[in-house]
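FYI, side chains are in, hydrogens and waters are out, and symmetry mates aren't considered; it's all heavy atoms of this structure.
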Protein chains: 2
Amino acid sequence: MNEGLLSSVAESLDKGRIRQDNEAIILSAAERVFARYGFRGTTMQQIADAAGLPKANLHYYFGNKQTLYLRVLEEILQDWLAPLESLCASADPKTSLADYVGKKIAFSFERPEASRLFANEILQGAPVVSPLLKTQLHDLVAQKARILDCWIAGGKLRQMDTTHFFFTVWSMTQTYADFDIQIAAVLGSDSRTKDAQARATAHVFDCLWRICGLEEEQ
Amino acid sequence: MNEGLLSSVAESLDKGRIRQDNEAIILSAAERVFARYGFRGTTMQQIADAAGLPKANLHYYFGNKQTLYLRVLEEILQDWLAPLESLCASADPKTSLADYVGKKIAFSFERPEASRLFANEILQGAPVVSPLLKTQLHDLVAQKARILDCWIAGGKLRQMDTTHFFFTVWSMTQTYADFDIQIAAVLGSDSRTKDAQARATAHVFDCLWRICGLEEEQ
DNA sequence: GTCTATATCTAGATAGAC
DNA sequence: GTCTATCTAGATATAGAC
């Protein structure tokens, strides 16, 4: 009985770890596949192959395709929104903006699949995240745009449309993940090298400072 | 016999017109559906429903899904590339650029489905257009970047990375079609109204002239 | 917990009536 | 030329052996 207890404890610990590991493997594989083919274009078999696990395991861990997609998207959303926190009213405008945009570019280069999955979700009409965009993102952008407006009123930033400014930053930075393949085709080389990333980053900051009127050393 | 001849001629003319009409209806419906769900996420049934025709007709006119997709993409590619022709070495830089970027924005607002379909194709790894991007687009951008470089050398434009400049213009303008839903969610209103389009256009030009150093009236 | 085998449904495609 | 009815393949999902 003791042996039974011990072995079942050891077993459940093992099972817990196996479950955690497998779930992580599946989520990562799902991110890659959903990113390429979107929700409907992706098959559970593709994800299973990418994860190196039998298809039935995905159903065992996540129940169905919809739930697996939601779990993946949930994680991505948090990471997509996080950089916005860099914009703080009391901080220095140039430092804040550099921090914010730097994080957006880093996200594109470090988690291109996550960026593409998010892009796919929006392209397909945001069936899942639409409610969140209309509330959480809407409010967050309104709040951050007010901060930029204050900086403009204080003469620290050039006059601009602060709401559309976010659309421009998002598109400029995300394009390096979402349109990666087009960019690589035009550059005629791998756009994932350190050099290529540095050049892209320099260009984005160059554009950014000109738009904000912060080119000259402060 | 005369009657037979006449009626068969009339019939074939009619059939020709019906064919043309139906093909146009199907292509337009296919563009809308492929734009939302990508190649694999789209079903022939969806396109048939969107076109208001039986599914079998699509196969009758286009053979298979692949061919239908190619036909749609083919048309879009030409329209996607066309604006680049505005950039001409002998023309005035500001006029040329205004013309080019104006056409890109117009494309986003007038043919959002076409833009989204192209975006979907790239996101999914450009399985169809990859060869074209590596040759036609690669060469075209190299050629147009040289024109910008000349203008910079002539002091007519601020120093910048002219290749990445194209990535920035594409992303800034296309975002209004591709991420339409996200933008509408943030703005809290329909982004397809004339007012919203005018505001977006003004913002894009504002950014553009600052990046190019062409803000002041020349 | 894991995975093979299978049930059920829906996709692309086509044959054949009209 | 058009469209109903149907074939076959491949999808999601699950039951049940291990």
- Item | Candidates dC3(D), dG12(C), dT2(C) - which lies nearest the side chain of N57(B) | dC3(D)
- Among the nucleotides dG1(C), dT12(D), dT4(D), whichever has the atom closest to the side chain of A56(B) is dT4(D)
- Message: Expressed as a whole number of angstroms, how long is the span from K55(A):NZ to dG1(C):C1'?
- Response: 19 Å
- Message: Quick check on dT14(D): is either OP1 or OP2 less than 4.0 Å from any side-chain nitrogen or oxygen of H59(A)?
- Response: no
- From the candidates dT2(D), dT12(D), dA13(C), the one with an atom nearest any side-chain atom of I18(B) is dT2(D)
- Report the nucleotide, chosen from dA11(D), dT2(D), dA13(D), that has the shortest atom-to-atom distance to any side-chain atom of Y60(B). dT2(D)
- Task: Could you label the plane-to-plane angle of the Y176(A) and F109(A) rings as parallel, tilted or perpendicular, counting under 30° as parallel and over 60° as perpendicular?
- Result: tilted
- Task: Would you kindly check if the NZ (Lys) or CZ (Arg) of K94(B) is within the cone defined by 45 degrees around the ring axis of W151(B) and under 6.0 Å from the six-membered ring centre?
- Result: no
- Task: Please state how far atom CD in Q46(B) lies from atom P in dA11(C), giving the value in whole angstrom units.
- Result: 8 Å
- Nearest-Å distance for atom pair CZ/P, residues F39(A) and dA11(D): 14 Å
- Message: Would you say N64(B) places a side-chain N or O within less than 4.0 Å of OP1 or OP2 belonging to dT14(C)?
- Response: no
- Message: Rounding to an integer number of Å, can you tell me how far F62(A) CZ sits from dA13(D) C1'?
- Response: 16 Å
- Can you tell me how far C1' of dG1(D) sits from CD of E23(B), to the nearest Å? 13 Å
- Query: Short question: side chain of R36(B), backbone of L123(A) - any donor-acceptor pair under 3.5 Å?
  - Reply: yes
- So Y69(A) and F34(A), would you call those rings parallel, tilted or perpendicular, with 30° and 60° as cut-offs? perpendicular
- Given dT2(C), is OP1 or OP2 found less than 4.0 Å from the side-chain N or O atoms of N22(A)? yes
- Query: Quick one: is the NZ or CZ of K144(B) closer than 6.0 Å to the six-membered ring centre of F166(B), and within 45° of its axis?
  - Reply: no
- Query: In whole angstroms, how far is the P atom of dC9(C) from the NZ atom of K65(A)?
  - Reply: 18 Å
- Query: How close or far is atom C1' of dA13(C) from atom CD of Q66(B), stated in whole angstroms?
  - Reply: 14 Å
- Task: Could you tell me the separation between the CE atom of M44(A) and the P atom of dC3(C), rounded to a whole number of Å?
- Result: 15 Å
- Task: State whether Y61(A) places a side-chain N or O below 4.0 Å from either non-bridging phosphate oxygen (OP1 or OP2) of dG1(C).
- Result: no
